[in-house]
Amino acid sequence: MSASDTDDQRILLIDGHAMAFRAFFALPADGFSDGRGQATNAVYGFTRMLINVVASERPTHVAVAFDLPGGTFRDRIYDQYKGGRDETPPAFHGQIDLIMQVLDALGVRWLTYEDYEADDIIATLATRAEAAGDEALIVSSDRDAIQLVGAKVTLLQPIKGVTEMRRMTPAAVEEKYGIPPERYPDLAALVGEAADNLPGVPGVGPKTAAKWLTQYGDLPGLIAHAGEIKGKAGQSLRDHLEDVERNRLMNAAYTTLDLPEDPAHYSLGGGDRARVLEVFDDLAFGDTIRRDLPATLLGEDPQESGGPAPEEAEVLAVDGPDALRELLGEEGGLLALDVVEDVRGGPLMGLATPSARGAIALSSLDSETSTALGAALEEAAEIRVADAPAVRSWLAENGYRLGAQVRDLSLESFVLRPGARSYDAEALASDLGGASFEPKPRKPAASTLQKESAEVRAEHIARAGGRLAATAAALHPAAEELTARTGEAPWARRILDELEQPLQRVLETMHERGIAIDEQALAALREEFEGFVAQAKREAGAIVGEEVNLASPKQLQVVLFETLALPTTRKISSGHSTDAESLTDLQESLDPESSGHQFLSWLLRFREMSKLTGYLVGLDKVVDAGSRVHTTFQQTAAATGRLASTEPNLQNIPVRTAEGQRIRDAFVAGEGFETLLTADYSQIEMRIMAHLSEDAGLIEAFNSGEDLHNFVASRVFGVSPDAVDPAMRSKTKAVSYGLAYGLSAFGLSRQLRISRAEATALRDGYFERFGGVRDYLHHTVETARTTGYTETILGRRRYLPDLTSDNRQRRENAERVALNSPIQGSAADIIKLAMLRVESRMRAAELSSRMLLQVHDELVVEVAAGELDQVREIVEEGMGSAYQLSVPLDVGVGIGRTWREAAH
DNA sequence: TCTCAAACGTA
DNA sequence: CGTACGTTTGAGAA
């Protein structure tokens, strides 16, 4: 390193444990969680602090020092060292590991040193920096760090929380304590340090200590003259000289630890933004902290990374044919775009070639420009977008069409790394395309919009356009990045080419078709259900005699556990649960004549009926003029590869209860069609389990023709199949499905309401007879731990970094996910293959009948007159032979005028 | 106006 | 202390 480089080196040294601990207490533990029960408040606060300090202090090098668990040499000197501290709060556990993960992603070095404390690491590095003439900044709440302050060493002491810091320079130390920094350990030895359980000289505080030290120069000088000191304090000092000497020994920082010498080891810039965002996703961190990630921390130098930041690049306002021509340039062909329905500007489009970007307000386009734009979109050699179906449908509404060469980057990104927080255009632009964005402006109130001046309004529109243009522009590098990544991942290429990309068009078509609703039936049902809701409300209200919102768990808690003084239910974060299971249990413990019992009956009735009413209201909101509802099948929502259905969700329409089923009666074959056909896979997950585990018993179960759960139960309980009673069957069934979810003996006992011992025996008995299943499950987790991912039968991956976490909860959660993902994911693969087959065969046969819905293991088809036999054949065959497992794929088919009737 | 937790529907 | 989702609601933050 050259002399000029070393001139402006600044190393930031952080006491990791101390700061994490402060962050933990500064932020509410239950306010920050990764969504899986792991608190992340300390991780968040620490990361926030790091970002702030790096942004404001601009260090060139950073190191974070952590204490190791177990003792240090200081504990051997004094066995009470740091004694008397409270237990580490449970919610703090695991957060240090997570902080280390964040630091790794940021490329920030963190250090530990066997037998020494974080302070010694900091002392060593600070001393080195000083010797080299470099600056050092220490962030620590530990007072032992004060002794390190010098001309080039500044201490940042947190005052409040972890963001407000006091700068301790030599002058500041002198002013506060009346002695120079290097004398501080002497002072501390006299005064003592309660946090470390180091008692000082009774009756001597910082003032007296400073006075003595000033008088006698330093601690040895003072001790040499201890006999001369008068008064109570003098006697006290003489009585406690041993303590003082011990304290001084304890609080001296070690400055000679053997740590990496090369300054480059600690330099900033090894960060990986994508990795950081991945970790932030995992921690469920919000947008604010992402936005504030300084480029310097990641080693991204905006000045040298190829021109100005994306949002500052020139954005062409496309307001006429010339501007459009300028934007498209000569290259014409490679485009990227992002669109939005802006509250002020209406339909806005960001359009970019690899070298230029523009913003277009579609509503104000003249016809010539609009025609030219339409031609460009249809003829482009490749158009890169996030979420092609959404863009296509948005463009269609505005009178444009996309050509055939559309590349959906969301889909590619999803297959490569499922489970991300978002795959929208901005997420791709920033995670893969190197763009960065201001936080999204919040939606203005209608009144604000009305008062807005034309200038302000235009400025807002221009900003929205600029943002879209920046997003579109960043989709080009994102696309290149995805090309590179899929190039190295043949498994992903195959899933994309053979499954997801062709399926995307099928899903779009299904969305466009929609499913017909009998609006009259819907309205009648709604009226009836609303009547039940009102009745339940009335009756429940009459019992407690006060106004209570039954939809408010908080108000319910008051009524149940205070007004009615019922026994409390299981605890949740906000008090006690009022979910149906808890309330049913509670009700069973009460006298049927009691008011509590009756209140609960009406409450449960209210819950059930308002839930059902909610479906009807929801459907009513989205039904179109032709009495059809058009769900959107989301292809990048479920990490296992399953589809999800939104607006409305038609994958969770009630089916279990008779009243719920009446809602299914409102889904009907539409005009011009004769009937609905549903076809579902029976026990597909268990069949996949049999296939993957190659368990001979389970495979035999499926080949025997016997009812699956009956067969398995007869083996588990060692009785003949006809001796299996319903209780045995249902217990076995619970184990079978529980296993695919990673169910524990505890969970099983709770679900079946049996003892732990009985649950354990049940599971052991199961594994004894179906050893292949046990071996498979074990092997799945172990393989995933080694490779880092699980795989489906088609090779679809799911990455599970938490399998090696030191945090038990995270690890065990990841293990359950690892058990379930290949099974759920393979089932998703199979029905997706089936959908491709069914759709293409129906089109090839030129049938009018058409596939409308997918509900994970079920397809719903609308059948035209005279086509039933053909459709049934295509669906049965298409689903049944979608994939060759080692057990047959059994498909059940039902026919009916309504969705309920078509069940079978 | 937005975000979160609780509750609950499906496979 | 069983996986995967989406929607609605109330409550509290901003």
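These numbers come from the heavy atoms of this one structure, side chains and all, not from hydrogens, waters or symmetry mates. Chain naming here is simple, since letters A, B, ... match the order of the sequence lines and numbering starts at 1 in each.
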Checking contacts here: which listed nucleotide ([options]) is nearest the side-chain heavy atoms of [X]?
X      : options               : result
A:A580 : B:dC8, C:dC5, C:dG2   : B:dC8
A:N820 : B:dA5, C:dT3, B:dG9   : C:dT3
A:D579 : B:dC8, B:dA6, C:dG6   : B:dC8
A:K611 : C:dT3, B:dG9, C:dG2   : B:dG9
A:H856 : C:dG6, B:dA11, B:dG9  : B:dA11
A:R798 : B:dC8, C:dA4, C:dG2   : C:dA4
A:V655 : C:dA4, B:dT10, C:dA11 : B:dT10
A:Q824 : B:dC2, B:dG9, C:dA4   : C:dA4
A:N813 : B:dA6, C:dT3, B:dA11  : C:dT3
A:D857 : B:dA11, B:dG9, C:dC5  : B:dA11

Using whole Å, report how far [atom1] of [X] lies from [atom2] of [N].
X      : N      : atom1 : atom2 : result
A:L752 : C:dG2  : CG    : P     : 12 Å
A:R607 : C:dT7  : CZ    : C1'   : 15 Å
A:H576 : B:dA6  : NE2   : P     : 13 Å
A:L550 : B:dA6  : CG    : P     : 19 Å
A:Q683 : B:dA11 : CD    : C1'   : 14 Å
A:Q854 : C:dA4  : CD    : P     : 17 Å
A:K554 : B:dA7  : NZ    : C1'   : 17 Å
A:Y737 : B:dT10 : OH    : C1'   : 15 Å

Name the nucleic acid region contacted by [X], choosing base, sugar-phosphate or nothing; use a 4.0 angstrom heavy-atom cut-off, strictly under.
X      : answer
A:G738 : base
A:E858 : nothing
A:A828 : nothing
A:Q751 : base
A:I653 : sugar-phosphate
A:S610 : nothing

Distance criterion of 3.5 Å, no angle test: do you see the side chain of [X] paired donor-to-acceptor with the base of [N]?
X      : N      : result
A:R642 : B:dA11 : yes
A:Q651 : B:dG9  : no
A:N652 : B:dG9  : yes

Taking [X] first and then [Y], would you say they form a salt bridge - that is, a charged N and a carboxylate O separated by under 4.0 Å?
X      : Y      : result
A:R811 : A:D802 : no
A:E500 : A:K832 : yes
A:E685 : A:R642 : yes

| field | Test side-chain contact (heavy atoms from CB on, under 4.5 Å) applied to A:T563 and A:E546, step by step | value | CA-CA 10 Å; A:T563 311; A:E546 58 182 290; 3.5 Å; yes
| query | So, A:F561 versus A:H576, ring centres under 6.0 angstrom or not? | reply |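 Yes.
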| field | Mutual orientation of the aromatic rings belonging to A:Y789 and A:Y799 [parallel < 30°, tilted 30-60°, perpendicular > 60°] | value | perpendicular
| Pick from A:V629, A:I517, A:T631: which one makes a side chain to side chain contact (heavy atoms under 4.5 Å, CB included) with A:V622? |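 The passing option is A:V629.
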| field | Distance, P atom - from B:dA5 to C:dC1, rounded to whole angstrom | value |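 Between the two P atoms, the distance is 15 Å.
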